[in-house]
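Comments concern the structure below.
Any value given below was found using the heavy atoms of this structure, including those in side chains, with hydrogens, waters and symmetry copies removed. Every value quoted in this text rests on a predicted model; they were computed, and no experiment measured them.
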Amino acid sequence: MNRYERINAELKKQLSIILRDGINDPRVAGKMICVTDAKVDRDLTLAQVYISVLNANGQEKDILDGLNSAEGFIKSCLKTRIKLRNMPALRFIFDTSLDYGMKIEKILDDIQKKEESSN
């Protein structure tokens, strides 16, 4: 595992803990936010954080706004947990792959039910 992979894994782990326990913004607090991936760029100035939210119900923009407004607080929490010379800026991105996977699974289940009922 190279340095960037270790940083990505540690960012993902620590962000999950911070988002679960430490954000008081009403747009974010109480939401089931899952950090699906974190990727730092090669010069460690930017980290793209992919998140998924259970039952977002169209509140994706509000959740992203809440996370972006709490970036300073999140970075200060990360600084105490991860030892990096410069903490990268955080860019939160909704990961829609889980929703897409569930949609595909539902379609496949419907096809299977139709085939079983026609036999």
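- Rounding to the nearest 0.5 Å gives a distance of 4.5 Å between CZ of Phe94 and CD1 of Ile63.
- Contact between Leu15 and Ile74 at its shortest, heavy atoms only, is CD2-CG2, 3.4 Å.
- Residues near Ile17 contribute nothing to a hydrophobic cluster around it, because no ILVMFWY side-chain heavy atom sits closer than 4.5 Å to its side chain.
- Using modelled atom types, no side-chain atom of Ser52 and backbone atom of Cys34 make a donor-acceptor pair closer than 3.5 Å.
- Looking at residues two or more places apart in sequence or on another chain, you find no side chain to side chain donor-acceptor pair (under 3.5 Å) involving Lys83.
- By the side-chain contact (heavy atoms from CB on, under 4.5 Å) test, Leu108 is found to be paired with Ile104, residues two or more places apart in sequence or in another chain being considered.
- Pairs passing the salt bridge (Lys or Arg N to Asp or Glu O under 4.0 Å) check and including a residue from residues 70-79, sequence neighbours excluded, do not occur.
- Within the structure, salt bridge (Lys or Arg N to Asp or Glu O under 4.0 Å) pairs that include any residue of residues 85-96 do not occur (at least two apart or interchain).
- Here salt bridge (Lys or Arg N to Asp or Glu O under 4.0 Å) pairs that include residues 34-46, with residues two or more places apart or in two chains, are Asp37-Lys39.
- Asp62 meets the side chain to side chain donor-acceptor pair (under 3.5 Å) test with no other residue; sequence neighbours excluded.
- Qualifying side chain to side chain donor-acceptor pair (under 3.5 Å) partners for Glu105, counting only residues two or more places apart in sequence or in other chains: none.
- Not counting sequence neighbours, the partners of Asn2 by the side-chain contact (heavy atoms from CB on, under 4.5 Å) test are Tyr4, Glu5.
- Scanning for side-chain contact (heavy atoms from CB on, under 4.5 Å) contacts around Ala47 gives Leu11, Val40, Pro88, Leu90, with sequence neighbours left out.
- With sequence neighbours excluded, no residue forms a side chain to side chain donor-acceptor pair (under 3.5 Å) with Gln59.
- Electrostatic pairing of Asp109 and Lys113 does not count as a salt bridge here, judged by no charged N lying under 4.0 Å from a carboxylate O.
- For residues 14-31, the set of pairs meeting the side-chain hydrogen bond (donor to acceptor under 3.5 Å, both in side chains) definition, not counting sequence neighbours, comprises Glu10-Gln14, Gln14-Arg81, Asp25-Arg27, Asp25-Ser69, Arg27-Ser69.
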